[in-house]
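Contents: one structure, followed by commentary.
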Amino acid sequence: MSAIKVTGEKKLVIVSGRAHPQLAADVAAELGTELTPADIRTFASTEIYARYGESVRGADVFVIQSHTRPVNEWLMEQLIMIDALKRASAKRITVVAPYFPYARQDKKGRGREPISARLVADMFKTAGANRIMSVDLHAAQIQGFFDGPVDHLFAMPVLLEHFQAKLDPTTLTVVSPDMGRVKVADNWSDKLGAPLAIIHKRRDPRVHNEVSVHEIVGEVEGRMCLLVDDLIDTGRTIVKAAEALKEQGALGVVVAATHAVFSDPATELLQSDFIDSVVVTDTLPVPEEKRWDRLTILPIAPLLARAIHEVFDEGSVTSMFDGAA
Ligand code: R5P
């Protein structure tokens with residue numbers, strides 16, 4: 001007769017790095033739970049230390065970190081948090097990285113370049129992560145960089161709900177600011193019942209963060225244009241696109257983007273007269289000084305919380321999107 005007691009109880013643990021504690025707190029609140037306390041510190045040498053305040057043995061743990069600047073520090077912190085969980089016998093560790101760090105380095109554009117997004121996935125795996133959850137990956141194939149399940153969530157339902165009541169599909173054109181966003185913009189165009197236009201953007205591979213617009217394919221004259229992108233970094237892609245749309249006779253330009261990276265000079269550029277409004281989510285923190293009156297920030301916590309619930313409960317993440325992907 002075995003003396004081992006078997007119970008079916010599962011233990012959910014949510015822990016947060018220090019990059020965007022509000023987001024993690026919002027996720028925990030949505031789930032009706034609290035964050036597990038952790039002592040995370042940076043030593044004088046800049047090395048990071050992490051220890052959990054409670055046992056995580058046998059737990060299903062979700063490690064939330066937002067990869068805002070300084071990206072490398074927050075990435076390293078999350079890796080150290082995962083290592084501590086692994087060594088404390090957590091049963092399953094899920095990396096929650098709403099904005100996947102280094103996602104734009106997903107292939108070699110030129111010889112002798114790294115594929116840093118793959119390196120990040122490898123580091124998560126080496127640290128002890130069993131699965132990854134992220135929102136609007138820059139390229140869907142990043143899912144294949146991690147040898148394990150990846151829950152790829154889409155912010156589109158969150159953003160769409162905001163726009164659906166505000167925009168008239170009969171005068172609206174959905175615009176992809178470059179070739180990379182065409183599939184996503186096409187989904188938006190289907191959902192909103194509005195036509196699609198595509199901007200042919202060019203970058204000089206030798207100069208980072210510079211863009212130029214070559215041509216616009218599609219009907220934009222006399223129409224309200226909704227530019228959709230996965231992220232806004234310096235803002236140059238969006239502002240150049242908005243300028244080009246206005247030059248072609250667009251009535252107005254509104255912008256929807258998931259990740260507000262907002263590196264300088266994004267907030268200055270985005271306040272351009274060519275742009276009526278910008279809507280983003282809070283996958284990344286947006287400090288007060290980077291906010292302005294025509295910026296709307298939508299909460300991503302309900303989406304993350306629902307996905308965490310589905311994963312913990314062995315439910316279906318796919319069912320959350322119902323054809324939005
Ligand atoms: C490009 O492929 C991305 O989807 C974004 O459009 C781009 O990285 C945004 O960068 P920035 O705001 O600096 O132009």
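Whatever order the structure lists ligands and atoms in, that order sets their numbers, starting from 1.
Salt bridge present: Asp233 and Arg104 bring a charged side-chain N and a carboxylate O closer than 4.0 Å. Using a 4.0 Å cut-off between charged nitrogen and carboxylate oxygen, Asp186 and Lys183 do not count as a salt-bridge pair. Between Asp229 and Arg181, at least one side-chain N (NZ, or NE/NH1/NH2) sits under 4.0 Å from a carboxylate O, which counts as a salt bridge. Looking at Lys246 and Glu243, no side-chain N of the basic residue comes within less than 4.0 Å of a carboxylate O on the acidic one, giving no salt bridge. For the pair Asp39 and Arg41, the salt-bridge criterion is met [side-chain N within less than 4.0 Å of a carboxylate O].
With respect to atom 4 (O) of ligand 1, the closest heavy atom belonging to the protein is Asp230 OD1, 2.6 Å. Of all protein heavy atoms, the one lying nearest to atom 7 (C) of ligand 1 is Arg203 NH2, 3.5 Å. Protein heavy atom at the shortest distance from atom 1 (C) of ligand 1 is Asp178 OD2, 3.4 Å. Nearest protein heavy-atom neighbour of atom 6 (O) of ligand 1: Asp229 OD2, 2.5 Å.
Near Leu231, with a cut-off below 4.0 Å to any heavy atom, the atoms of ligand 1 are 5 (C), 8 (O), 9 (C). The Lys201 neighbourhood of ligand 1 comprises atoms 1 (C), 6 (O), with distances under 4.0 Å to a heavy atom of that residue. Close contacts of ligand 1 with Arg104, meaning ligand atoms under 4.0 Å from a residue heavy atom, involve 8 (O), 10 (O).
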I'd like a table of donor-acceptor pairs (distance under 3.5 Å, sequence neighbours excluded) in which one partner is a side-chain atom from residues 144-164, with atom names and distances.
residue, atom, partner, partner atom, Å
Asp151, OD1, Arg131, NH2, 3.3
Asp151, OD2, Arg131, NE, 3.4
Asp151, OD2, Arg131, NH2, 2.8
His152, NE2, Leu137, N, 2.8

Which atom pairs, one a donor and one an acceptor, fall under 3.5 Å between side chains of residues 43-53 and the rest of the protein, sequence neighbours left out?
residue, atom, partner, partner atom, Å
Ser45, OG, Glu47, N, 3.3
Tyr52, OH, Met81, O, 2.9

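Neither the backbone nor the side chain of Met179 has any atom closer than 4.0 Å to an atom of ligand 1 (non-hydrogen atoms only). Both the backbone and the side chain of Thr234 come within contact range of ligand 1, each with a heavy atom under 4.0 Å. Under 4.0 angstrom from ligand 1, the non-hydrogen atoms of Thr237 come from both its backbone and its side chain.
Proximity of Gly235 to ligand 1 is established by a heavy-atom distance of less than 4.0 Å. The shortest heavy-atom distance from His138 to ligand 1 is under 4.0 Å.
Donor-acceptor pairing under 3.5 Å is lacking for the side chains of Thr267 and Arg291.
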